[in-house]
Every structure is written in C-alpha cells, then in structure tokens.
Amino acid sequence: MRILETDWSSHHDILTDIRSKVFIDEQQVPADLEIDEHDSEAIHFLVLSEDKQFIATARLLNDGHIGRIAVLKEYRNQGIGTKLLSDILCKAEQLNLTKVFLNAQVNAEKFYENHGFVSEGEIFMDAGIPHIKMTKKLNYERNHFI
C-alpha cells in the first residue's frame with residue numbers, strides 16, 4: 001500500500017469516484033453536499049493498493065480540518081484508515097499545525113479516540129448522519145530542533 005499526497009486538480013476524477021461510492025452510494029449523502037468549495041484548496045491523500053487500485057482518500061485543510069476520509073467497503077478493517085490517518089497527522093505536523101479536528105460519524109468515534117482524538121460538544125446531524133466534533137493536539141516540536 002502506498003499513500004500519495006495530491007491536489008484536487010490532479011486527481012479530481014479518482015477522488016470523486018471513491019467518495020461517491022462511499023458517501024453517496026453507500027451512505028446516501030446527497031450528491032450536492034459531497035463536493036464543496038474546500039476541495040480546491042485542500043491537500044488530498046489517495047491510497048494505492050498493492051495491486052495498483054485507488055482504494056481510499058481523505059483531505060486536510062490548512063486550518064487543520066481533516067475530512068472526507070473514505071475507504072472502499074471491500075478494503076475496510078485492514079488498517080488502511082489507520083495508515084491514512086497517520087500520514088495526515090504527519091503532514092499536519094510538517095505544516096506546524098498545533099491541533100487538528102474532524103467531524104466524525106458517531107459510529108467511527110471509537111476509531112478516532114483510539115488515535116488520540118477527543119470528542120467535543122454535542123452530537124449533530126450532517127447530511128442525515130449523526131456526527132461529533134473531535135480534536136487532537138499535535139506536538140510538532142518533537143520533530144524539530146529548537
């Protein structure tokens with residue numbers, strides 16, 4: 001498995017395809033909510049399987065917002081989400097961010113807790129799915145000499 005860092009203009013079709021399969025087809029998120037104005041400014045990540053298939057994606061905004069994490073159904077529970085999240089956190093540290101946040105689907109809250117995220121506030125609905133805001137403090141200084 002390999003994770004590529006990319007942008008919207010370079011891999012728009014692949015990013016859209018994976019996200020459409022996971023969010024629109026599988027989770028019934030309205031198509032007009034899936035693609036937004038943040039895609040063009042985000043750092044995107046694509047996971048390439050050993051058999052050269054694109055199987056997962058995510059994005060990171062410059063304010064530390066992690067989102068659109070999507071792993072194709074047949075590749076879940078294989079550690080791909082963990083590896084993808086790890087790469088996103090490393091990139092956030094490289095960007096000298098001190099905190100990241102995401103709006104987790106409630107059924108994925110435990111996954112993010114296991115990676116050091118803390119729930120904040122109340123559960124809210126987004127695209128008809130219950131979510132919770134989660135944050136994680138970063139310590140980018142550990143990778144830098146002062």
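Any value given below was found using the heavy atoms of this structure, including those in side chains, with hydrogens, waters and symmetry copies removed.
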Give a yes or no on whether [X] and [Y] share a hydrophobic cluster (residues Ile, Leu, Val, Met, Phe, Trp, Tyr; joining criterion: side-chain heavy atoms under 4.5 Å apart).
{"X": "L102", "Y": "L95", "value": "yes"}
{"X": "V100", "Y": "V118", "value": "no"}
{"X": "L61", "Y": "F117", "value": "no"}
{"X": "I18", "Y": "Y75", "value": "yes"}
{"X": "I3", "Y": "F111", "value": "yes"}

Show the numbers, then the answer: is there a salt bridge (Lys or Arg N to Asp or Glu O under 4.0 Å) between K83 and D87?
CA-CA 6 Å; K83 176 67 173 129; D87 276 27; 2.9 Å; yes
[atom1]/[X] to [atom2]/[Y] distance, rounded to the nearest 0.5 angstrom?
{"X": "L15", "Y": "R59", "atom1": "CG", "atom2": "CZ", "answer": "10.5 Å"}
{"X": "Y112", "Y": "M134", "atom1": "OH", "atom2": "CE", "answer": "9.0 Å"}
{"X": "T98", "Y": "E93", "atom1": "OG1", "atom2": "CD", "answer": "11.0 Å"}
{"X": "N114", "Y": "T82", "atom1": "CG", "atom2": "OG1", "answer": "8.5 Å"}
{"X": "I14", "Y": "Q53", "atom1": "CD1", "atom2": "CD", "answer": "10.5 Å"}
{"X": "I129", "Y": "Q28", "atom1": "CD1", "atom2": "CD", "answer": "9.0 Å"}

Which pair of non-hydrogen atoms, one from [X] and one from [Y], has the smallest distance, and what is that distance?
{"X": "M1", "Y": "E50", "answer": "N-CG, 3.3 Å"}
{"X": "I88", "Y": "A58", "answer": "CD1-CB, 3.4 Å"}
{"X": "L48", "Y": "K52", "answer": "CD1-C, 3.5 Å"}
{"X": "E113", "Y": "S119", "answer": "OE2-OG, 3.9 Å"}
{"X": "A56", "Y": "L84", "answer": "CB-CD2, 4.3 Å"}
{"X": "I132", "Y": "E120", "answer": "CD1-O, 3.8 Å"}

Is there side-chain contact between [X] and [Y], with heavy atoms separated by less than 4.5 Å?
{"X": "E74", "Y": "I55", "answer": "no"}
{"X": "K73", "Y": "V22", "answer": "no"}
{"X": "H38", "Y": "H65", "answer": "no"}
{"X": "T16", "Y": "W8", "answer": "yes"}
{"X": "V29", "Y": "R19", "answer": "no"}

Before you tell me yes or no, could you show the steps for L89 and I66 under side chain to side chain contact (heavy atoms under 4.5 Å, CB included), namely the whole-Å CA-CA distance, both residues' side-chain angles and the distance that decides it to 0.1 Å?
CA-CA 9 Å; L89 294 173; I66 298 170; 4.2 Å; yes
Mark yes when over 12 heavy atoms from residues, nucleotides or ligands other than E122 sit less than 6.0 Å from its CD; otherwise mark no.
no
Any donor-acceptor pair under 3.5 Å linking the side chain of [X] with the backbone of [Y]?
{"X": "R68", "Y": "E34", "answer": "yes"}
{"X": "K133", "Y": "F101", "answer": "no"}
{"X": "T6", "Y": "F45", "answer": "no"}

Take D17 and F54 through the test side chain to side chain contact (heavy atoms under 4.5 Å, CB included) and record every step on the way to the result.
CA-CA 10 Å; D17 182 57; F54 288 107; over 6 Å; no
In sequence, state the C-alpha distance, the side-chain angles, and the governing distance for N103 and F124, and then conclude on side chain to side chain contact (heavy atoms under 4.5 Å, CB included).
CA-CA 9 Å; N103 295 322; F124 62 94; 3.6 Å; yes
